[in-house]
Each structure stands twice: as structure tokens, then as C-alpha cells.
Amino acid sequence: MEKNNIKPVTRKTFQKMKDNNEKISMLTAYDYSTAKYIDECGIDSVLIGDSLGMTILGYDTTINVTVEDMITFTKAVSRGVKRAFVIADMPFLSFNISKEQTILNAGKLICAGANAVKIEGASDFILDEIKHLTQSGINVVGHLGFTPQYINTIGGYFIQGKSYENTVKLLQDAKKLEESGVFAIVLEMVPEESAKFISENLTVPTIGIGAGKYCGGQVLVIDDLIGKYWGSVPKFVKQYANIKEIMKKAISEYNQDVKNGEFPLMEHSFRLSEEEREKFEYNLVKQNN
Ligand code: KIV
């Protein structure tokens, strides 16, 4: 449905863009104002990534993020968006337990304002869950390559699909995801040639992060792009601004101004009318006599 004469991006738009060789742009957002600015800049899709576990909640990985966390941020982001397609991550173990739990949790994110959910992995169990979701009217995005929710079993931040055999296995998984009904697949930390091979052999678009230029689209974590993230930034990030430094400079100057009595000044203060001020002065004189 059109909001204020703006034609929203849908899953069909994703496929059309892939078929027309147009790149899909996607960014993460976790709050209302950032989502609004991203949308106003014409980005096609906003992802409420469970990367918010690190960027917003200060955890070391994404595995502590809960469905309740995702609901809160999904509500905030979706209120800020008019055009972009909103995707919410299904956090660790909000799926992978039973089809019933998966559909209940996905449903909560859809009711919070997401147009689709994203699920990491492609085990037979997950493929069944994805089929159930898509048959129930819930749009699903897959996520292959490096899958951060499996960090403990992967054993570190390793590039995936580094050999022909591993790339073929990734493509097989991607095809199974496609058959299960996903309308796009995020490919994370995969060599450019492998991502190209996978992307060219799929019908649905791939959205790359650290997967080179041949994917159907690109996604980045907004905190990495604007230079706000507190931790180390991966090689695949292009940092377009240094918000961390801008924030720290402004906060330090404020701190100094408060300590030196240079803030607030007259222009930041509310003043009484002349008449009321005179009453204070009169009463002060009376009190002192
Ligand atoms: O959680 C996230 O932000 C993601 C992107 C990195 C794709 O899954």
C-alpha cells in the first residue's frame, strides 16, 4: 500500500531489480531517526540486524539478542520508514527449535512492522521452517557464508567459500533456500569470485556484505558506514564518515563548558519579564532590610 504517494519497495521489486541488473541497496538501522534518514536517502531496504547486539546493546556477539529486543527496535525502525522494505533478523534460537516457535516469533516481528524476516543457515530443519513461514504468508530472506549466530561452532570470523568445493556447497544450500521460498539471500564474507558464481546461478538476488561487487545488492551495518561503531571494523567496510570523533568532540566540549560555567548562556535560558524581575528585586531588598 502507498504511504503519502510513495511507492513502497516490495519483494517483487527485489526480483525486478535483479532481472533488470539494477543494484539493491540495503543498510541496517536500529532506531527511528536513522531509519527515517536512510529511507529519505532512497535506500531500498532497511535491515534491523541482530548486529544491534553489538552496536546498540554492547555485547561481543549477536547470540545474546532476544526476540523482545528485536521487537522493540523493529517497531522504532518501521515507524521511520515510508518506502524501504523492512527486514528483521530472527535472533539466535528464535528459530531452529520447532516450526511452531519459529512462526510465532516471526509473526511477532511482522506485527512489529517488518515486511520480512531473515534467517541464518540452511540445515534441513531450517529449510522446513522457512517453507512453513513462506506458506503462511511470511517473507523470508536467507543468510549464508559467514553466519554470525554460529560463531561458537565456526570458531571465529572466517571467510567462507574459499575453495571451489566449498563454493559449490554454498550454491547447493542457496538453491535449497530458493526452493524453500526465500526471495533474497545475504552472502557474508565470501570471496568475490565465489559470490559471483553463486549469484549468477540463482534466480533470487544475493545481497553481499564482504562478498564483492557481483552480488545483486549490498548491505552494510550503519554504524560501520558512519564510523560510530566502538569495536574494530572489518576490511570489507567503506567508512563514509567519522561520527564517533564528531560525537566525542561535541561531548567533550559540552563537558568543558559545563565545568567552566560557559554553558548555558543567556541565549539558552528562559528569562522573566521585566515586571516579574522587578518583583524579585523588590522582595530581595525587603528581605535584606
Ligand atoms: O545483523 C546484521 O546486521 C546482519 C548484516 C551484517 C547482514 O545480518
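We're numbering straight along the sequence, starting at 1. Owing to the predicted nature of the structure, the values given are computational and were not obtained by experimental measurement. Both ligands and their constituent atoms are indexed starting at 1 by order of listing.
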Sorted by chain and number, sequence neighbours left out, ring pair (Phe, Tyr, Trp, His ring centres under 6.0 Å) with F92 holds for none
Give every pair made of an N or O atom of ligand 1 and a protein N or O atom lying under 3.5 Å apart, one pair per line with both atom names and the distance to 0.1 Å, or write 'none'.
| from | atom 1 | to | atom 2 | distance (Å) |
| --- | --- | --- | --- | --- |
| ligand 1 | 1 (O) | D50 | N | 3.2 |
| ligand 1 | 1 (O) | D50 | OD1 | 3.0 |
| ligand 1 | 1 (O) | S51 | N | 3.0 |
| ligand 1 | 1 (O) | S51 | OG | 3.4 |
| ligand 1 | 1 (O) | D89 | OD2 | 3.1 |
| ligand 1 | 3 (O) | S51 | OG | 2.5 |
| ligand 1 | 8 (O) | K118 | NZ | 2.8 |

Checking K244 now: which residues fulfil salt bridge (charged side-chain N to carboxylate O under 4.0 Å, His left out) with it, not counting sequence neighbours? none
Is the ring pair F146/Y157 parallel, tilted or perpendicular, if the boundaries are 30 and 60 degrees? tilted
What pairs meet the side-chain hydrogen bond (donor to acceptor under 3.5 Å, both in side chains) rule with one or both residues in residues 123-132, with sequence neighbours excluded? T102-E129
Do the side chains of M189 and Y214 join up, straight or via other hydrophobic residues, at under 4.5 Å, putting them in one cluster? no
Find out if a path of hydrophobic residues (ILVMFWY) with successive side-chain heavy-atom gaps under 4.5 Å connects L104 to I71. no
